[in-house]
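All values below were derived from every heavy atom in this structure, side-chain atoms included, with hydrogens, water molecules and symmetry-related copies excluded. Just so you know, ligand 1 is whichever comes first in the structure, and atom 1 is the first atom listed for that ligand.
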Amino acid sequence: MKYNRILLKLSGEALMGQQQYGIDAVRLMQYAEEIKTAAATGTQVAVVIGGGNIFRGVQAEAFGLDRVQGDYMGMLATVINSMALQSALEKLNVNTRLLSGVTIQRVCEPYIRRRALRHLEKGRVVIFGAGIGSPYFTTDSAASLRAIEIEADVVLKGTRVDGIYTADPEKDPTATRYPEITFDEVMEKNLNVMDMTAFTLCKENNLPIIVFDMNKAGNLQRLIEGETVGTRVSMHGSNAKPLDAKHSALQPTITTPTE
Ligand code: UDP
């Protein structure tokens with residue numbers, strides 16, 4: 001396998017499926033199956049899930065609530081999603097542990113780095129809930145930070161788009177996908193990969209990010225096996241040009257730098 005240890009970031013919104021709110025049972029099981037297959041390869045798998053399908057701190061003002069309170073509500077939303085994923089994985093007989101950045105001792109372990117590493121070494125899928133446990137951050141930042149702490153080889157950002165495009169492919173039909181790009185190019189071109197805190201953490205710690213379509217069955221495993229899927233953001237890149245066609249099925253040969 002290409003990676004010894006990965007950190008998979010899933011957005012809360014992705015869990016909604018076609019719904020407007022909450023968790024779609026079919027989508028949840030689909031993700032659990034993909035994670036089970038990935039873990040069965042022997043690659044150690046850690047997961048961070050967002051909470052946008054339930055609550056985001058920025059919504060707090062609209063409710064007339066305090067922002068910090070709203071952020072804690074968002075963190076608790078990520079714990080709900082994490083518990084759902086844990087349960088779905090356990091249904092598939094995958095050993096998991098849920099470690100939370102906010103202590104909720106009846107339902108999950110507190111986040112302790114050494115404990116997370118031990119679980120991973122034992123082959124358990126580790127889910128990090130409640131982000132980093134502090135307001136004014138996102139789960140993308142939690143994904144970057146936890147990935148650095150556990151010395152993951154890569155952050156795999158599973159989205160509903162198959163990579164990073166020159167423009168938003170859902171709005172601009174002429175948008176083209178980059179198979180590979182450097183951290184510096186992402187910043188120069190002002191492309192939207194992660195929020196700046198999360199992105200900077202990865203850049204400064206030379207941690208590659210791969211943005212890929214999590215809804216396409218088998219993509220996660222293909223990535224772990226070393227196939228070129230989605231867009232890889234790294235320190236060096238390969239000066240690859242964007243592909244021609246929108247959502248192109250073509251997978252160009254790319255020289256992947258060794259990190
Ligand atoms: N959040 C936070 N600190 C963290 C992680 C998350 O305050 O370390 C809050 C924040 O309000 C955020 C919400 O939890 O909006 C849900 O996370 P996020 O928006 O990242 O979820 P996603 O967009 O991935 O579904």
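Atom-to-atom distance recorded for Arg5:CZ and Glu121:CD is 6.0 Å, nearest 0.5 angstrom. Between Met235 atom CE and Leu207 atom CG the span is 9.5 Å, to the nearest 0.5 Å. To the nearest 0.5 Å, atom CD1 of residue Ile35 and atom OG1 of residue Thr96 are 10.0 Å apart.
Near Glu13, meaning under 4.0 Å from one of its heavy atoms, ligand 1 places the atoms 25 (O). Close approach to Ser134 involves these atoms of ligand 1, each under 4.0 Å from a residue heavy atom: 2 (C), 3 (N), 4 (C), 7 (O), 8 (O). Against a heavy-atom cut-off of under 4.0 Å, Gly12 is close to the following atoms of ligand 1: 22 (P), 24 (O), 25 (O). Interface atoms of ligand 1 facing Gly52, defined by a heavy-atom separation under 4.0 Å, are 21 (O), 22 (P), 25 (O).
In the hydrophobic cluster analysis, where Ile, Leu, Val, Met, Phe, Trp and Tyr join through side-chain heavy atoms closer than 4.5 angstrom, Val125 is grouped apart from Leu7.
The residue Ser141 has no part lying near ligand 1, judged by heavy-atom distances below 4.0 Å.
When the options Phe63, Tyr72, Tyr21 are evaluated for a ring-ring contact (aromatic ring centres under 6.0 Å, His included) with Phe55, the one that passes is Phe63.
Figure legend: Arg146 and Tyr111 shown as a cation-pi pair, the cationic atom lying under 6.0 angstrom from the six-membered ring centre and within 45 degrees of its axis.
Across the listed options Thr138, Asp71, Val58, Asp71 owns the non-hydrogen atom lying nearest to atom 10 (C) of ligand 1. For the residues Ala14, Gly131, Ala77, Gly57, the heavy atom positioned nearest atom 15 (O) of ligand 1 is part of Gly57.
Of the N or O atoms in Thr78, none lie within a sub-3.5 Å distance of an N or O in ligand 1. Between Ile132 and ligand 1, an N or O atom pair is found at a separation short of 3.5 Å. Of the polar atoms of Ser11, none of the N or O atoms is found under 3.5 Å from an N or O of ligand 1, judged by distance alone. Geometrically, ligand 1 and Asn53 share no nitrogen or oxygen pair separated by less than 3.5 Å. Distances between N or O atoms of Pro135 and those of ligand 1 include no value under 3.5 Å. Polar contact check, Tyr72 against ligand 1: no nitrogen or oxygen pair lies under 3.5 Å apart. When only interatomic distances are considered, the shortest N/O to N/O separation between Leu10 and ligand 1 does not fall below 3.5 Å. Residue contacts with ligand 1: Ala142 is placed with no nitrogen or oxygen under 3.5 Å of a nitrogen or oxygen of the ligand (distance criterion only).
Crowding of Arg67 atom CZ: a count of heavy atoms from other residues, nucleotides or ligands under 6.0 Å exceeding 12. More than 12 non-hydrogen atoms from other residues, nucleotides or ligands lie less than 6.0 angstrom from CD of Gln19. The number of heavy-atom neighbours closer than 6.0 Å to CD of Gln105, taken from other residues, nucleotides and ligands shown, is 12 or below.
Summary of contacts: the protein heavy atom closest to atom 18 (P) of ligand 1 is Thr139 OG1, 3.4 Å. Counting only heavy atoms of the protein, atom 21 (O) of ligand 1 lies nearest to Gly51 N, 3.0 Å. Counting protein heavy atoms only, atom 23 (O) of ligand 1 is closest to Arg56 NH2, 2.6 Å.
Counting only heavy atoms from C-beta outward, the side chains of Pro110 and Arg115 approach each other to under 4.5 Å.
Smallest separation of non-hydrogen atoms from Lys9 and Gly50: CE-N, 4.1 Å.
At least one heavy atom of Lys9 sits under 4.0 Å from some atom of ligand 1.
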